[in-house]
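Hydrogens, waters and symmetry mates are skipped; everything else that's a heavy atom, side chains included, is used.
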Amino acid sequence: MAGQGMMLGQMLINMDLISNQELDAALSEQIQSGKKLGQILVQQGIMSEAQLMETLECMLDIPRVKISNIDIDIEAIKLVSPAIIKQYKIMPICRCNGSITVAMADPLNLQAIDDIRMSSGLEVTPLIASVQELDMAIQQYMAFKTDPNLEKLIGEFTDDQSSRDKQKRDLQLVKIDYDAPIIRMVNTILAQAVHGSCSDIHIEPQKTNTRVRFRLDGELNEVMTLPHSTEAAIISRIKIMSGMDIAEKRMPQDGRFRMEFDSREVDFRVSTLPAFYGEKMVLRILDRNHVITQIERLGLSQENRRKMLFLSRRWFGMILITGPTGSGKTTTLYSMLSEINSIKKNIITLEDPVEYSLAGINQVQLNPKAGLSFANGLRSVLRQDPDVIMVGEIRDQETARMAVQAALTGHLMISTLHTNSAGGALARLGDMGIENFLISSALSGVVAQRLVRKLCPECRIEYILDKETAIRLGQPELAGHVFYRAGGCNMCRQSGYSGRLALHEILLVGSRIKTLIYRGITEENTLQDIAVEEGMKTIKEDGISKAREGLTSLEEVIRSVLLEGEDDGNKYHGHSK
């Protein structure tokens, strides 16, 4: 690999893309980190990924491919293990004449080529593709490709059921491992969802079959239908894994379990619900790699990032994260805790349930049946000499009052509320019976957020916003500016979107707002207006700003943050360029 690095480095010098000094520094880091030379040069900003790909194409005589412009053969993807696809960031393209064509970011990785050859049983023809395109393709295709072994497992299960019925008829006492096909079938479904970066698995009994749907980027998609005869066995298997009562089918149940995928642990939170044709089961996938992040990577605007860091570094006061269910509040909470986390601070969380394990943080799982509620738990936490307290959700007056008191006694208190705006959080605390003088003294800031889908950068379509639409948006000055709408390509399964990002508004409770609250002025619109006057960018404005950058579409912004008097995202199209 060192020889290849020297060859690549010399070619880059000959093409005047890097200097001798930059090459020497990159080679030194390569020795220490073990990373690829090209990867180091791109990460350091010395050259772009496009320049690196062009150089590799010239040096290795391996064609470069743009994945969004080619048709990917689903049958070719099935030939390679999902673990290999994820580990090496490769995407099988097609199979032809005893070989499999594979797009790779690093065609020099001989270990990856050997593993692909072993997995597929075919010779490997590599193509060069960008890391960004490969990441997008893997996410889009992994969740929706049916594992080739699934049909075989269903057949094995059917055969085993027939053998079991025959055993009963013949009164034989032969012990047979009937659960093996079901165990592998369940593992296949779970692995497919995890490798596809999905957030939820829905297993739903229908009249004639069992439907399996995955939630990806906030939307449910049907990925497979299974024989109705497999439903009871699948549900029972997951119940056993989750510690549930497999005999109880008339009442809802909750449970959780943990499995390892690609050398990382993934948690599953499980819920069952009796339905007309059987038990419906939903599994929430809690993948730490996808949730725990840094504040700098939350997709905040520069001003909102500054405000978020300011709030996170306070020593006392209350910070509230607001938004509807599924708006990413947990991600923001845990990102703030990661920013705060220090060996010098005693951080305690009260959660129901504990979704992710955070190293160095004391997390408490609530148990309302045993009397450990948010309010009771918070009362006990205050006797544990805490510096920072995180309460999963403020649901009632008692919890709200305890949280405010904790913030007033020198603790940093972080929690969530279900409100539509930052200003609405202050009114909600008042509705819970918290006195205005306590709210004004305790509250430091409120972060309101929504999640929207990101436009696929490969197929987004430019258009010019017309004057009428700009006026309806409340920003007539945007008329004539470039915006983007969803297109559709192979990279995003023709949806036009790939991934999600958050829209935010961050209200800092300054002296003017504190005075208004103290005087009893807590109307949502009034506080919002004052906050805007003091420089707060609303969720609507943040969304329009990100739509202008091409990160999302106006349709997504309208869907997530419904503008007054407008309910049709299709109205926000201008003229195509």
Do [Y] and [X] meet the salt-bridge criterion of a basic N to acidic O distance under 4.0 Å?
X      : Y      : result
Lys540 : Glu505 : no
Arg395 : Asp352 : yes
Arg211 : Glu204 : yes
Glu555 : Arg559 : no
Glu219 : Arg453 : yes
Arg95  : Glu75  : no

In the structure I gave you, are the side-chain heavy atoms of [X] and [Y] within less than 4.5 Å of one another anywhere?
X      : Y      : answer
Glu549 : Leu551 : yes
Met224 : Gln192 : yes
Val266 : Leu286 : no

Under a 3.5 Å distance rule, please check whether [X] uses its side chain to pair with a backbone N or O of [Y] as donor and acceptor.
X      : Y      : answer
Arg305 : Leu300 : yes
Lys239 : Glu248 : yes
Ser312 : Met308 : yes

>> My understanding is that only residues two or more places apart in sequence, or in another chain, count here; which of them pass side-chain contact (heavy atoms from CB on, under 4.5 Å) with Arg258?
In response: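 In terms of side-chain contact (heavy atoms from CB on, under 4.5 Å), with neighbours along the sequence ignored, Arg258 is linked to Glu265, Asp267.
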
